[in-house]
Structures are given as structure tokens and as C-alpha cells.
Amino acid sequence: MYYIKLNITIVLFLLGCTTTKAQNYFSSLGEHEISVNHKVSGLYNYNFSISTRHYIYNDAQFINNVRQLDFKHFSTYNLSLDNSVSFGFQYRNRDWFETSENEIRLTQQFNTKRKIRALRLGHRIRAEQRIQKSKTVHRFRYRCALDFPLNGEKIDIGETYIVASNEALYSISKSTKPELDYRITSQIGWLFSAKLKLQFGLEYRFEALNVKKDQKLHVLTSAVFKI
């Protein structure tokens, strides 16, 4: 209950900030994902996921229009207990739902983590090539994230946990100006079983801070299966 009240408070604050800057464009979207993880060995694991995104609020009105469908794959190689590298492929379909280009995305990632009692702190550096018919955008991302159980020092089946992160993104391409984005994310997770965890949360995005200052609130839900 405390977590829900905290999220509502954050959202109301951010909405208040948005309304005081009428020149900024604001929209809200729902994002839902199903993900499957498989550990092949101590050195290698992979992930497949499918997700959809739809509008909740856009152009000053409430709507419910699907925007896109994403298919993703990540292969992760563990360099040590705390460090790993990943390579990803993503296909984003938008022309089924709106007048927009589809996208192929290639990702290279380095991840490092550190555990301090019940708290796990992670740093992620990611490079992406977003390939569309009209242009290719190179995007560089840095994320700092932490997670911790709400009971004890480890997550047992049936218990909940918190995941929070902030991320900076920088995009460049030949055809557009460089863009700087920033994202704040907070989620609550539930370890339903040894093979399934469920997560719900909010992500607030400040997009193109140096150009047009768009703001988006994403409502996140996900189910992560382990096989």
C-alpha cells in the first residue's frame, strides 16, 4: 500500500510539472511484456520476449490505441559472477497500427552488479543501432538500478521486491539533431513461484530534452518465466 501511494504521489508531482509547462507535449502509454529466460550454462543464458505498447492519453484526450509490437532476443555471456556482456536483436512493428516506420534494433551491452547485504546495485552501459528505412540512429545509454526484497535479505517464493532505476540516453544520426533523454523507473515485483515473477510499475520519460522536451508516463506490467 505504501508503494502504491508513493507512485501516485510521484505521478501527480510529475503531471503538475507538466501542466506548468504548456509548451511540452505529454502522453501516457501502457506497456505489457511476456519474457522467457533460459540458463544454458554458468557462462551463457538467453532471453526471448514479446511486448506491446498502447496509448492511454494522447493529444489531450484519453484513448486506447495500440502503437507497436516488439519481438526481442538477448544472449548474455557471463565474464564473472558480477560482470556480463549481452548482444540483442529486436524487431519493432508499427505500420500495422499507425503510419510509422518499422525498426530493427541491434544492441551491445555491458552489465556489472554489486550486492550489499539485501541491496543489489547494477550499472549498465548499452549501445544500440536503430535501423529504419529512412535513417539509422545510434543511441548510447547508461542506467543505474537497484533492487531489494521487502522482507529479509533474500527473495523467497511468495514475497515482493522493489526495482528502481534511472537512465540517461543520447541519440545521434545524420538526418536529425542529437537528442538527450532521461528515464526514471520504479516497479514492484512478486516472486510468484520458482519459475515465474510478476512486475508492475511506472516509468517517466523526458524525451529530447535539448530539442522539444516531450514527456511520457509509461504504465508497466510484465511476466518473466524461467525455463
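Residues I155 and P149 share a closest heavy-atom pair of CG1-CB, 3.6 Å. Heavy-atom minimum distance, V211 versus P178: CG2-O, 3.8 Å. The two residues L69 and F71 have their closest heavy-atom pair at CD2-CZ, 3.6 Å. Counting all heavy atoms, side chain and backbone alike, S171 lies closest to V137 at CB-CG1, 3.8 Å. The shortest non-hydrogen separation linking C144 to H123 is SG-CE1, 3.9 Å.
Proximity of N47 to S35: side-chain heavy atoms (C-beta onward) are separated by under 4.5 Å at one or more points. I162 is not listed as a side-chain neighbour of L146, based on a closest heavy-atom distance of 4.5 Å or more. You'll find the side chain of R205 stays beyond 4.5 Å of the side chain of D181, heavy atoms only. With a 4.5 Å cut-off on side-chain heavy atoms, R183 and H218 do not count as touching. By the 4.5 Å heavy-atom criterion applied to side chains, Y161 and Q199 are counted as neighbours. Considering only heavy atoms from C-beta on, L217 stays 4.5 Å or farther from I56 through its side chain. Taking 4.5 Å as the limit, every side-chain heavy atom of S186 sits out of range of all side-chain heavy atoms of L202. Contact annotation: the side chain of Y182 approaches that of N166 to within less than 4.5 Å [non-hydrogen atoms, C-beta and beyond].
The number of heavy atoms from other shown groups lying within 6.0 Å of CG (L81) does not exceed 12.
Listed by chain and number, the residues in a side-chain contact (heavy atoms from CB on, under 4.5 Å) with T185 are S165, Q187, E203, L220 (sequence neighbours excluded). Applying the side-chain contact (heavy atoms from CB on, under 4.5 Å) test to I34 and every residue at least two apart in sequence or in another chain returns I50, F225. Legend: residues meeting side chain to side chain donor-acceptor pair (under 3.5 Å) with D95, ordered by chain and number and at least two apart, are N102. Evaluation of the side-chain contact (heavy atoms from CB on, under 4.5 Å) rule for I227 yields V36, H38 as partners, not counting sequence neighbours. By the side-chain contact (heavy atoms from CB on, under 4.5 Å) test, F192 is found to be paired with W190, L196, residues two or more places apart in sequence or in another chain being considered. With sequence neighbours left out, the side chain to side chain donor-acceptor pair (under 3.5 Å) criterion links T112 to N83. Under the rule for a side chain to side chain donor-acceptor pair (under 3.5 Å), the partners of Q68 that lie at least two apart in sequence or sit in another chain are D70, R94. Every residue meeting the salt bridge (Lys or Arg N to Asp or Glu O under 4.0 Å) condition with R120, not counting sequence neighbours, appears here in chain and number order: D147.
Between atom CG of residue D82 and atom NZ of residue K115 there is a gap of 11.0 Å, rounded to the nearest 0.5 Å. Here the NZ-NZ distance, from K135 to K174, works out to 14.5 Å after rounding to the nearest 0.5 Å. Residue E101 holds its CD atom at 13.0 Å from CZ of R92, rounded to the nearest 0.5 Å. The line from CG of N45 to OG1 of T76 is 5.0 Å long, rounded to the nearest 0.5 Å. How far CZ of R126 is from CD of E167: 7.0 Å, rounded to the nearest 0.5 Å. In this structure, OG on S49 lies 4.5 Å from NZ on K72, to the nearest 0.5 angstrom.
Note on L209 and F26: same hydrophobic cluster, where clusters join Ile, Leu, Val, Met, Phe, Trp and Tyr whose side-chain heavy atoms are under 4.5 Å apart, directly or indirectly. Cluster membership for I104 and W96, using ILVMFWY side-chain heavy atoms within less than 4.5 angstrom, is shared. Clustering ILVMFWY residues whenever any of their side-chain heavy atoms sit less than 4.5 angstrom apart, transitively, puts F206 in the very cluster that holds Y57. No continuous path of hydrophobic side-chain contacts links L198 to V163 [ILVMFWY only; heavy atoms under 4.5 Å].
Hydrophobic cluster of Y142: the remaining members, joined at side-chain heavy-atom separations below 4.5 Å, are I125, listed by chain and number. As a member of the Ile/Leu/Val/Met/Phe/Trp/Tyr network built from side-chain separations under 4.5 Å, F74 groups with nothing else and remains a singleton. Chaining together hydrophobic side chains whose heavy atoms lie under 4.5 Å apart places Y77 alongside V40, Y44, Y46, F48, L79, V85, F87, F110. Residue Y55 belongs to a hydrophobic cluster whose other members are L29, I63, with links defined by side-chain heavy atoms closer than 4.5 Å.
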Would N37 and V224 count as a side-chain contact (heavy atoms from CB on, under 4.5 Å) if you check the C-alpha gap in whole Å, the side-chain angles of each, and the deciding distance to 0.1 Å? CA-CA 7 Å; N37 297 331; V224 182; 3.3 Å; yes

Using side-chain contact (heavy atoms from CB on, under 4.5 Å), reason through E159 and L150 one step at a time and then give a plain yes or no. CA-CA 8 Å; E159 293 185 344; L150 291 179; over 6 Å; no

In sequence, state the C-alpha distance, the side-chain angles, and the governing distance for E207 and E179, and then conclude on side-chain contact (heavy atoms from CB on, under 4.5 Å). CA-CA 8 Å; E207 298 191 346; E179 292 186 2; over 6 Å; no

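Counting only distance, with no hydrogens or angles, the side chain of D214 and the backbone of A208 share no donor-acceptor pair below 3.5 Å.
No hydrogens or angles considered: nothing links the side chains of H138 and T136 as a donor-acceptor pair under 3.5 Å. For the residue pair H32 and T52, no side-chain donor N or O sits within less than 3.5 Å of a side-chain acceptor on the partner. No hydrogens or angles considered: a donor-acceptor pair under 3.5 Å links the side chains of Q129 and Q108.
Taking 4.0 Å as the cut-off between side-chain N and carboxylate O, E128 and R130 do not count as a salt-bridged pair.
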